[in-house]
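Take a look at the structure below.
Being a predicted model, the structure only gives us computed values, none of them experimental. Chain A is the first sequence line, chain B the second, and so forth, proteins listed ahead of strands; every chain is numbered from 1.
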Protein chains: 2
Amino acid sequence: MAPVTTELTSGARPGTPTLDEVAVLAGVSRATVSRVVNESPKVSPEAREAVQAAIAQLRYVPNRMARSLVTRRTDTVALVLSEPNTQVFSDPFFASIVHGVSAALVDTELTLVLLTARDAREQQKIARFARQGHVDGVVLMSLHSEDLLPDVLSGAGVPLVLCGRPYDGRSVAYVDADNVGGARVATEHLVGLGRRRVATVTGPTDMIAGVDRYTGWQRATADAGRAVDPALVAHGDFTEAGGEAAMARLLDQAPDLDAVFVASDPMAVGALRALRAAGRRVPEDVAVVGFDDAEVARTCDPPLTTVAQPLDLMTGELVELLRRQIEGVAAPAETRTCPTRLVVRGSA
Amino acid sequence: MAPVTTELTSGARPGTPTLDEVAVLAGVSRATVSRVVNESPKVSPEAREAVQAAIAQLRYVPNRMARSLVTRRTDTVALVLSEPNTQVFSDPFFASIVHGVSAALVDTELTLVLLTARDAREQQKIARFARQGHVDGVVLMSLHSEDLLPDVLSGAGVPLVLCGRPYDGRSVAYVDADNVGGARVATEHLVGLGRRRVATVTGPTDMIAGVDRYTGWQRATADAGRAVDPALVAHGDFTEAGGEAAMARLLDQAPDLDAVFVASDPMAVGALRALRAAGRRVPEDVAVVGFDDAEVARTCDPPLTTVAQPLDLMTGELVELLRRQIEGVAAPAETRTCPTRLVVRGSA
DNA sequence: GGGGTCCGTGGAAGCGCTCCCACGAATTTC
DNA sequence: GAAATTCGTGGGAGCGCTTCCACGGACCCC
């Protein structure tokens with residue numbers, strides 16, 4: 001009954017021109033329009049020009065779904081933050097990573113989308129999203145040990161790079177800073193300053209960065225020929241408030257401490273406050289070293305001596321590793337550990 | 001030459017089963033499998049069961065690109081943060097919005113992606129992303145006046161809701177807090193406390209929230225029968241450092257001030273610091289009111305009296321308006337202005 | 001008990017795009 | 001000058017899915 005109107009079916013829907021319509025207007029075939037859109041060199045200048053004019057006139061925008069269906073690429077990568085604590089979202093380190101990755105991608109055809117998962121349900125949703133082919137790959141900031149996403153994603157064959165070493169030595173691509181080394185250098189700096197009782201405020205013990213920085217402190221302490229005194233250790237949660245509370249505990253447990261390595265800058269700022277509240281001067285009475293070299297390390301009082309991570313390098317590697325996996329030319333689980341650097345300011 | 005192998009073409013690619021393969025295994029047609037996947041009621045229990053078993057066995061995941069191609073829906077919405085200053089990313093208000101929108105979406109079929117645009121190039125990329133049909137709609141936190149995205153997006157017919165009133169009274173859907181009213185109440189509170197010289201630290205004048213809160217202060221000041229003294233005004237940028245600097249200027253311009261309305265909590269924290277540095281006690285010498293009721297307002301010293309925005313309500317409305325537009329049942333440019341509430345704590 | 005309704009089902013036509021393949025014309029090579 | 005190459009082009013199949021339509025069987029009503 002209904003005649004075959006293949007040619008102009010979509011002409012009925014105004015506002016969304018298709019390849020065919022461009023082809024008709026330009027007087028060429030669909031294939032040629034496709035070539036122009038995809039910048040194939042095998043098109044004569046005249047044809048190219050005609051097509052470009054038609055595209056402009058029709059305000060043609062290619063339909064990505066249709067394209068993806070055949071190319072099996074979406075030109076989209078996701079940066080997934082899998083973390084229950086909303087506040088971590090405002091951690092400057094996270095903001096820097098987002099910024100860096102996004103900057104590394106701006107000159108490519110890839111678009112970055114951010115996904116956050118606060119609980120198992122959201123993790124499921126994200127896993128589905130990725131498995132269904134919405135993205136070509138994912139950079140995962142999976143911070144806690146019990147996270148499901150690394151398994152699900154790599155199991156589903158989604159190209160994946162972790163930002164931060166996986167908690168269990170599973171075989172997966174990752175990029176991380178040399179947290180152990182950085183913490184060690186920070187602690188050695190404190191020891192080298194002649195401090196006798198060097199305490200530490202650690203990060204959460206279910207995050208690898210927390211564990212590694214703690215390990216670095218332990219090693220440096222042992223190397224200095226000192227006992228690892230539990231009274232010199234307080235666990236924080238990478239937040240400013242957590243750092244303040246931990247520092248207060250430390251002051252209580254070990255009133256004679258004269259230096260402290262704090263495993264993140266926000267926590268160090270909290271520690272500074274606790275120290276001030278307790279009437280200790282920094283650095284005279286207590287020397288403080290932080291970690292991250294966040295913006296706040298420069299502006300707080302006194303400015304924070306801290307361990308800087310090479311963020312540009314790290315985000316660059318992150319993107320590089322991911323792209324290689326997407327291209328299919330990467331070894332299964334390449335890893336990078338980037339060197340850190342001590343930045344000496346007023347606090348130690 | 002090559003025989004027609006329509007049936008099993010995709011069988012060659014292991015690991016990504018298609019509808020057809022599920023259909024074959026379940027002994028039904030593609031159409032029936034599709035019905036099961038889409039939870040159509042018109043399927044017999046036996047067929048449904050067989051299909052579900054096949055799906056489980058094959059670990060079948062529908063290909064969203066293929067589905068989108070025909071349904072013209074992606075079940076994805078974007079939250080776009082269009083803002084050059086990376087630091088805003090760590091503004092707790094932004095984090096709260098993300099959290100709220102994402103929470104409002106978790107029980108729906110919609111997935112939220114976050115997109116950030118720091119410059120015109122990234123804005124272009126995002127515009128393309130949206131126009132090409134990657135998302136069903138966008139929530140835009142377009143904070144500055146010269147942003148292109150609202151125009152491009154609404155021009156392209158992408159369902160769009162702004163978070164925050166547009167700078168120029170353009171006709172577009174938005175949800176905003178009653179910034180003018182909130183600022184007014186805050187200022188009136190200060191006046192009601194008997195303060196004679198009520199200053200203000202404003203937000204950036206190219207952001208509508210900055211402008212509106214300033215307007216609220218002006219109105220309240222005028223209503224109190226006082227002149228709007230320029231010496232009582234300093235412009236900040238919504239950051240803590242900016243607030244500190246602005247407060248310092250204020251102290252310089254108007255040493256006799258005895259109260260200040262600060263247009264955001266992070267700035268208020270900065271102001272508190274400047275005040276302490278200048279030896280002024282809060283609230284004895286200078287009463288301070290902030291805006292946002294951020295986490296930090298509770299933990300700072302003294303706790304901040306501040307204007308709370310109904311975040312859950314706002315994010316709920318944001319999602320509601322967007323969904324209605326996506327369904328096609330919304331008036332073109334519905335708007336919501338949500339009431340604010342003064343939270344009195346120690347600082348005023 | 002015959003004609004209507006309802007319901008589950010499968011066939012088939014696309015959605016908009018890419019890309020393989022074949023084709024004719026222009027160019028080169030011996 | 002004929003065969004071989006190159007090059008731009010168009011035809012057409014197919015990516016995996018949804019959905020319209022038609023079909024046959026079970027059911028209902030008078």
Side-chain angles (χ1 to χ4, degrees), chain A residues 1-13 15-24 26-51 55 58 60-75 132-134, chain B residues 1-13 16-24 26-51 55 58 60-75 131-134:
Chain A
M1 214 156 285
V4 185
T5 53
T6 313
E7 300 303 315
L8 292 171
T9 318
S10 43
R13 194 178 6 80
T16 310
T18 69
L19 248 202
D20 304 66
E21 296 171 50
V22 176
V24 170
V28 299
S29 73
R30 273 214 315 291
T32 299
V33 176
S34 178
R35 289 189 193 99
V36 172
V37 170
N38 294 302
E39 296 172 338
S40 156
K42 312 172 149 289
V43 179
S44 69
E46 310 84 66
R48 181 184 314 281
E49 222 161 284
V51 170
I55 287 176
L58 257 24
Y60 168 71
V61 179
N63 179 323
R64 286 300 267 277
M65 300 304 142
R67 181 204 296 250
S68 295
L69 184 55
V70 21
T71 61
R72 331 225 107 227
R73 300 254 325 221
T74 61
D75 291 337
Q132 285 171 338
H134 269 289
Chain B
M1 214 154 287
V4 185
T5 54
T6 313
E7 300 302 315
L8 291 173
T9 318
S10 43
R13 192 176 12 75
T16 311
T18 68
L19 248 201
D20 304 67
E21 297 172 49
V22 175
V24 170
V28 299
S29 72
R30 276 213 312 289
T32 299
V33 177
S34 177
R35 288 189 193 101
V36 173
V37 171
N38 294 301
E39 295 172 337
S40 156
K42 310 169 150 291
V43 180
S44 68
E46 310 84 65
R48 181 185 313 280
E49 222 160 284
V51 169
I55 287 177
L58 258 24
Y60 168 71
V61 180
N63 179 323
R64 285 300 267 277
M65 300 304 143
R67 181 205 295 252
S68 294
L69 184 56
V70 19
T71 61
R72 331 226 107 225
R73 300 251 326 220
T74 62
D75 291 336
R131 295 193 58 196
Q132 285 172 338
H134 270 289

**Message:** If you only use heavy atoms from C-beta on, which nucleotide in C:dT9, C:dG16, D:dT19 is closest to the side chain of B:Thr71?
**Reply:** D:dT19
**Prompt:** Can you name the nearest heavy-atom pair linking B:Thr16 to B:Glu21, along with the distance?
**Reply:** O-OE2, 4.3 Å
**Complete:** From CD of B:Gln132 across to C1' of C:dG16 the rounded distance in Å is 13 Å
**Asked** Picking from C:dC19, C:dT9, D:dG16, which would you name as closest to the side chain of B:Ala47?
**Response** C:dT9
**Asked** What's the NZ-C1' distance between B:Lys42 and C:dG10, to the nearest Å?
**Response** 15 Å
**Request:** Report which part of the nucleic acid B:Val37 touches: base, sugar-phosphate, or nothing (heavy-atom distance under 4.0 Å, all strands).
**Result:** nothing
**Message:** Side chains of A:Val51 and A:Val43, heavy atoms from C-beta outward: is any pair under 4.5 Å?
**Reply:** no
**Request:** Would you mind telling me which residue lines up with the more 5' stretch of DNA chain C, A:Val70 or B:Arg30, judged by nearest nucleotide?
**Result:** B:Arg30
**Request:** Measure from CZ on A:Arg64 to C1' on C:dC17 and round the result to the nearest Å.
**Result:** 12 Å
**Message:** So for B:Arg35 and C:dG10, does any side-chain atom that can act as donor or acceptor lie under 3.5 Å from a complementary atom in the base?
**Reply:** yes
**Prompt:** Rounded to whole angstrom units, what separation is found between the NE2 atom of A:His134 and the P atom of D:dC17?
**Reply:** 13 Å
**Asked** To the nearest angstrom, how far is A:Arg73 atom CZ from D:dG16 atom P?
**Response** 17 Å
**Prompt:** Base, sugar-phosphate, or nothing for B:Ser34, non-hydrogen atoms under 4.0 angstrom?
**Reply:** base
**Message:** Donor-acceptor pair, distance only, cut-off 3.5 Å: does the side chain of B:Asn38 make one with the backbone of B:Ser40?
**Reply:** no
**Complete:** Among the nucleotides D:dT9, C:dG16, C:dG10, whichever has the atom closest to the side chain of A:Thr18 is C:dG16
**Any donor-acceptor N/O pair, B:Thr71 side chain to B:Arg67 backbone, under 3.5 Å** = yes
**Item:** Gap between atoms CG and C1', on B:Leu19 and D:dC17 respectively (whole Å)
**Value:** 6 Å
**Message:** Closest approach to the side chain of A:Asn63, judged atom by atom: which nucleotide of C:dC17, C:dC15, C:dT18 is it?
**Reply:** C:dC17
**Item:** Spacing between B:Tyr60 atom OH and D:dG16 atom P, to the nearest angstrom
**Value:** 10 Å
**Prompt:** Is any side-chain N of the basic residue among B:Arg64 and B:Asp75 closer than 4.0 Å to the acidic one's carboxylate O?
**Reply:** yes
**Message:** Using heavy-atom distances to pick each residue's nearest nucleotide on DNA chain D, tell me which of B:Ala66 and A:Val43 is more 5'.
**Reply:** A:Val43
**Listed nucleotide nearest any side-chain atom of A:Ala31, set C:dC19, C:dC17, D:dC15** = C:dC19
